Protein chains: 2
Amino acid sequence: MHDATRELLVETERDGISVPAIAARAGVNPTTIYRRWGDLASVLSDVAADRFRQSDPPAETGSLTGDLSLWAEYFLEEMGSGPGRSYVADVLAGDANGENTGICARYAADAITQILARFPNTANPAVDEVLDHVAAPILYRILFTKQRPEAGYGSQLVTRLLRGTQTDAHQV
Amino acid sequence: MHDATRELLVETERDGISVPAIAARAGVNPTTIYRRWGDLASVLSDVAADRFRQSDPPAETGSLTGDLSLWAEYFLEEMGSGPGRSYVADVLAGDANGENTGICARYAADAITQILARFPNTANPAVDEVLDHVAAPILYRILFTKQRPEAGYGSQLVTRLLRGTQTDAHQV
DNA sequence: GCGTTAAAGCAATATTTCTGCGTTAGACTT
DNA sequence: AAGTCTAACGCAGAAATATTGCTTTAACGC
C-alpha cells in the first residue's frame, strides 16, 4: 500500500492522486483504504512519515560541530528539496492525533542524541536546544517562506548554537 | 464567504465541514466556491491565514525584552491554544504556491519589525534572528510535539536570544 | 442605452466516499 | 481434525461531493 502510494507520488501529478487511484495501483478495493485510514490525507501522512523514518545513523566527522553541521545540512536538504516540503505538509495535514508528527520529531531527536553521545566531555547543548535552534529554524523557513534556505544555513545555525553554549560555560 | 466558514468552524465538528456546507451557509452555489478556490483545503487555508492577519500592533512595555517577550507569549497562546494548531495546519495544507504561509510569515515579521524599531539604539538582533530563534521554536513545538509548550517558554526564548546578542556586542 | 466581460446560478454528469452484507482466511477450542 | 470465532476484505448500491457546459445576472466603458 505504501509502495503503491510512493509510486503514484513519483509518477503522477499531485492532484491526480486519490484513494481509488492508490487502491487500483495496489490491486485492492478502495473500501479497504477507507476503512483502514479514513481518508486520503491520513494515507499520505503515514507514507510521508515513513519516508523520513528510514535512514542511517548520522555520519561521523570527529567533532561535535562537524557532526551537527553535517546532520543539519542533510536535514535541510532532505526537508527542503523539491518534494520534501510537500512531505512535511502531508505529515501535518493528515495527522489528527499527532502521531506521525511525533514520529518525525522523535527521529530528529534520536539523530541528535546519537551525535551528542559521541562527545560526552564537552559542554554540550541539550537535545531540545538543538531542536529549537537548528531544526526548528530550518523547518520554519521551508514551510513558511517561498525560497528554501541556501546551503550552509544549517551549519551556520550549528555554529551559532555552539558558540552560545560555550560562552555560557565560560561565564558560569 | 470567510464569515460563513468561520461560523461553521465554530459551530460544527471539523469533518462536518464541506464545500457544499459552506456554500449553503453563505447562501451561495457550491460551484462558485469550486471555481474560485478549487477545493476545501484552499478555502480553509485562506480563512486560517486571514485569521492570523487581523491584529493590533504589538503591546508596549517600555523595553525591548518586555515587548518581545509579550509578543512571544501572545504568539504562543495564539498558535498553540485549542484550534490554533488546526489553523496553522490548515494554512499549510491548502497552500500549493506558498501564498498564505507567506502572509503569515510576513505578519510575524511585521510585528517584530515594529518592536525592534522602537529601540533603535540598542544592539538589536535582526528580524530574521527573532523569527529563527523565537517564532520558529514555538511553531516547531506546536506542530511536532503533542503537548503545547508551557507558558513562559516564549519569554524564555527571548531572554536567551537577547543574552546572546548582547554577549556578541561585548565581545566585538 | 448597448455591447462586453467577469462572476454566479442551474442542471447534468462524473467521481469519490460511505454503508450493508456476504465471503474468505487465520486462530483458537475441543 | 472439525467447528467456531474474529478480523479483514470484496462487492454493489446509495449518498455525497466535485466537475463541466450552458445560461443568466450585473457591472463597466463607450
Side-chain angles (χ1 to χ4, degrees), chain A residues 1-51 53 83 85-87 89-101 103, chain B residues 1-51 53-54 83 86-87 89-101 103:
Chain A
M1 184 69 68
H2 281 203
D3 294 340
T5 308
R6 263 190 296 273
E7 290 169 16
L8 278 181
L9 280 169
V10 175
E11 293 175 12
T12 75
E13 282 304 319
R14 181 139 204 95
D15 49 357
I17 292 178
S18 65
V19 172
I22 295 174
R25 180 60 175 243
V28 102
N29 197 290
T31 311
T32 302
I33 299 182
Y34 285 120
R35 282 209 243 265
R36 238 178 134 71
W37 277 277
D39 60 357
L40 177 64
S42 299
V43 181
L44 293 179
S45 178
D46 269 21
V47 173
D50 203 49
R51 180 176 151 74
R53 183 161 31 186
R85 200 205 111 122
S86 304
Y87 287 135
D90 286 344
V91 171
L92 289 168
D95 194 37
N97 51 6
E99 199 167 320
N100 287 329
T101 48
I103 288 175
Chain B
M1 184 68 67
H2 281 204
D3 295 340
T5 308
R6 262 190 297 274
E7 291 169 15
L8 279 183
L9 280 170
V10 175
E11 293 176 12
T12 76
E13 283 302 320
R14 181 139 204 95
D15 49 357
I17 294 178
S18 65
V19 172
I22 295 174
R25 179 62 175 241
V28 101
N29 198 291
T31 311
T32 303
I33 299 182
Y34 286 120
R35 282 211 241 265
R36 235 176 139 69
W37 278 277
D39 60 356
L40 178 63
S42 299
V43 181
L44 292 179
S45 179
D46 268 22
V47 172
D50 203 50
R51 180 176 151 72
R53 182 161 33 185
Q54 54 203 7
S86 303
Y87 288 133
D90 285 344
V91 172
L92 290 167
D95 194 37
N97 51 6
E99 198 167 321
N100 286 329
T101 49
I103 288 175

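Everything quoted here is computed from the prediction, not taken from an experiment. FYI, side chains are in, hydrogens and waters are out, and symmetry mates aren't considered; it's all heavy atoms of this structure. In the text below, chain A, chain B and the rest are named by the order of the sequence lines, each starting its count at 1.
Among the candidates A/D95, A/T5, A/N100, A/I103, the single residue satisfying the side chain to side chain contact (heavy atoms under 4.5 Å, CB included) test with A/D46 is A/N100.
Mapping heavy-atom proximity under 4.0 Å, the span of DNA chain C touched by chain B runs 5' to 3' from C/dA8 to C/dA11.
Considering only heavy atoms from C-beta on, B/I33 stays 4.5 Å or farther from B/P30 through its side chain.
Annotation: salt bridge (Lys or Arg N to Asp or Glu O under 4.0 Å) contacts of A/D90 (sequence neighbours excluded): A/R14.
With rounding to the nearest 0.5 Å, the separation of CZ in A/R36 from OG1 in A/T31 is 14.0 Å.
A/T12 contributes a side-chain N or O that, together with a main-chain N or O of A/L8, makes up a donor-acceptor pair within less than 3.5 Å.
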What string of B, S and - do you get for nucleotides 8-17 of chain D, 5' to 3', when a contact is any protein heavy atom under 4.0 Å?
-SBBB----S
For B/D50 and B/R6, what are the C-alpha separation, side-chain angles and deciding distance, and is it a side chain to side chain contact (heavy atoms under 4.5 Å, CB included)?
CA-CA 10 Å; B/D50 203 50; B/R6 262 190 297 274; 3.8 Å; yes
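Salt-bridge check for A/R25 with A/E11: passed, with a basic side-chain N closer than 4.0 Å to an acidic carboxylate O.
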